[in-house]
Protein chains: 2
Amino acid sequence: MAKEKPDLVYGTLDMLILKALQHEPRHGLAIADRIQQISKDILHVEQGSLYPALYRLEAQGWITAAWGVSDNNRKARYYKLTSAGRKQLAAEQEHWSRITKGIDLVLAEG
Amino acid sequence: MAKEKPDLVYGTLDMLILKALQHEPRHGLAIADRIQQISKDILHVEQGSLYPALYRLEAQGWITAAWGVSDNNRKARYYKLTSAGRKQLAAEQEHWSRITKGIDLVLAEG
DNA sequence: CCTGCAAGCCTAGACAGTCTTGGTAAAGGA
DNA sequence: TCCTTTACCAAGACTGTCTAGGCTTGCAGG
């Protein structure tokens, strides 16, 4: 389980969270779990990164939060994508694909 | 020329610089210019990011520096990749492709 | 010759996002 | 009753980028 490098690319967490909420509302830890699972354990979201990100997104109006009860019968805060959040997600994906294209050009060495 | 988002992905600059030095030594501004050109103007490296990054890389032993004279007949500091730098570049590319694979998995939404 | 501009290097401080480390509360099983 | 797990939360350190400045020097224009 050696980890020499970060589990995340700085600046992508917001996008990943929005994406994880695309189909259905989830609570905090479930979002982190989902990102980890879908990425086949490549990505890992620390709680200390997760919650600040959620507040950020909520403050921007991209997600809304409501208390509910988790599958394990614990109280949990469920986050839901707003329509502004969907727009934001689209914009971030666009930006991501643009920048990675630039990086790949350099790495392919023209 | 609207720029709402960063010109760089946080944490990739070191890799890009190493890559730009892969074939031949270059001086600072030439490195930034090359990254910008090869990426077709998608990426842009600010000087305030560039020089700190160069010192970092030099301190790690991944590049070495020597004063020389540029094409424009100005004194300039030429940076050269060391063999440790080549290893580092390979490692960073490996890490980059791994993480982007993870992100792409999430974005493709499994 | 003098002036101005561009090339090239450099630094300090602000800032943003992540990570580390700590904590709380409550459900459920032993 | 106690322990573990789930779930949320906060403070501070840290790292890397950006903003905004500044310095020197070669060369072109007048």
Side-chain angles (χ1 to χ4, degrees), chain A residues 3-18 20 25-36 43-60 62-63 65-79 92 95-96 99 102-103, chain B residues 3-18 20 25-36 43-60 62-63 65-79 92 95-96 99 102-103:
Chain A
K3 294 238 174 87
E4 308 116 359
K5 285 265 173 179
D7 309 304
L8 233 47
V9 178
Y10 206 107
T12 58
L13 181 54
D14 291 10
M15 177 176 69
L16 294 173
I17 290 175
L18 294 176
R26 293 173 198 277
H27 65 271
L29 287 192
I31 294 171
D33 286 349
R34 176 158 176 92
I35 291 174
Q36 183 160 352
L43 306 177
H44 178 67
V45 181
E46 300 294 338
Q47 295 192 25
S49 312
L50 175 69
Y51 292 107
L54 289 172
Y55 305 149
R56 229 165 28 229
L57 297 175
E58 192 180 1
Q60 300 281 343
W62 296 331
I63 58 179
W67 285 102
V69 175
S70 77
D71 291 347
N72 293 319
N73 199 33
R74 306 281 164 82
K75 78 174 158 54
R77 204 158 164 77
Y78 279 80
Y79 292 94
E92 296 210 9
H95 180 248
W96 171 252
I99 297 293
I103 292 177
Chain B
K3 293 236 177 91
E4 307 118 358
K5 285 263 171 183
D7 310 303
L8 231 47
V9 178
Y10 208 107
T12 58
L13 181 54
D14 291 10
M15 177 176 69
L16 294 172
I17 290 176
L18 293 176
R26 294 175 199 275
H27 65 271
L29 287 192
I31 294 171
D33 287 349
R34 176 157 176 92
I35 290 173
Q36 182 159 351
L43 307 177
H44 178 66
V45 182
E46 301 294 339
Q47 295 191 25
S49 312
L50 176 67
Y51 293 108
L54 289 171
Y55 306 149
R56 227 166 29 228
L57 297 176
E58 193 180 1
Q60 299 282 342
W62 296 331
I63 58 179
W67 285 102
V69 176
S70 79
D71 291 349
N72 293 319
N73 199 32
R74 304 284 164 79
K75 79 174 155 57
R77 203 156 164 78
Y78 280 79
Y79 292 93
E92 296 212 6
H95 180 248
W96 171 250
I99 297 293
I103 292 177

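Convention: sequence-line order gives letters A, B, ...; per-chain numbering from 1. Reckoned from all heavy atoms, side chains included, excluding hydrogens, waters and symmetry mates.
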Which pairs, protein N/O on one side and nucleotides 3-5 of chain C N/O on the other, fall under 3.5 Å?
none

Should the pair B/Tyr10 and A/Tyr10 be assigned to parallel (<30°), tilted (30 to 60°) or perpendicular (>60°) ring geometry?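 Ring orientation, 0 to 90° scale: parallel.
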Can you list the residues that meet the side chain to side chain contact (heavy atoms under 4.5 Å, CB included) rule with A/Asn73, with sequence neighbours excluded? A/Val69
Can you name the residues that form a side chain to side chain contact (heavy atoms under 4.5 Å, CB included) with B/Asp33, not counting sequence neighbours?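 For B/Asp33 the side chain to side chain contact (heavy atoms under 4.5 Å, CB included) partners, ignoring immediate neighbours, are B/Gln37.
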What nucleotide among D/dT17, C/dT18, D/dA7 has an atom nearest to a side-chain atom of A/His27?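 Looking only at side-chain atoms, A/His27 lies closest to D/dA7.
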Name the closest nucleotide to the B/Tyr55 side chain, picking from D/dT6, C/dC10, D/dC9.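 In terms of side-chain proximity for B/Tyr55, the closest of D/dT6, C/dC10, D/dC9 is C/dC10.
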Going 5' to 3' through nucleotides 20-30 of chain C and flagging B where a protein heavy-atom sits under 4.0 Å of the base, S where only the sugar-phosphate is that close, and - otherwise, we get B------BS--
Set of side chain to side chain donor-acceptor pair (under 3.5 Å) partners for B/Glu46, sequence neighbours left out: B/His44
Under the side chain to side chain donor-acceptor pair (under 3.5 Å) test, residues paired with A/Arg26 that sit two or more places apart: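 Checked A/Arg26 against side chain to side chain donor-acceptor pair (under 3.5 Å); matches are A/Glu24.
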Between [N] ([atom2]) and [X] ([atom1]): distance, integer Å:
| X | N | atom1 | atom2 | answer |
| --- | --- | --- | --- | --- |
| B/Arg77 | D/dT24 | CZ | C1' | 16 Å |
| A/Ile31 | D/dT6 | CD1 | C1' | 15 Å |
| B/Leu16 | D/dT17 | CG | C1' | 13 Å |
| A/Asp33 | D/dC8 | CG | P | 10 Å |

Do B/Trp96 and A/Ile103 make a side-chain contact, defined as non-hydrogen atoms from C-beta onward lying under 4.5 Å apart?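 Yes, close enough: below the 4.5 Å cut-off.
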Would you call B/Thr12 and B/Glu92 a side-chain contact if the rule is heavy atoms closer than 4.5 Å? no
Would you classify A/Tyr78 as touching base, sugar-phosphate or nothing, given that sugar-phosphate means primed atoms plus P, OP1 and OP2, and contacts are heavy atoms under 4.0 Å?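 Since no nucleic acid heavy atom lies under 4.0 Å of A/Tyr78, the category is nothing.
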Close N or O pairs between protein and nucleotides 14-17 of chain C (under 3.5 Å):
| residue | atom | partner | partner atom | Å |
| --- | --- | --- | --- | --- |
| C/dA16 | N3 | A/Tyr10 | OH | 2.9 |
| C/dG17 | O4' | A/Tyr10 | OH | 2.6 |
| C/dG17 | N9 | A/Tyr10 | OH | 3.2 |
| C/dG17 | N3 | A/Tyr10 | OH | 2.7 |

For residues 53-60 of chain B, tabulate all N or O donor-acceptor pairs below 3.5 Å that involve a side-chain atom, not counting sequence neighbours.
| residue | atom | partner | partner atom | Å |
| --- | --- | --- | --- | --- |
| B/Arg56 | NH2 | B/Asp14 | OD1 | 2.7 |

Tested for side chain to side chain contact (heavy atoms under 4.5 Å, CB included) against B/Leu16, the lone hit among B/Ile35, B/Val9, B/Ile31 is B/Ile35
Reckon A/Tyr51 has a side-chain N or O less than 4.0 Å from the OP1 or OP2 of D/dC9?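 No, no such contact exists.
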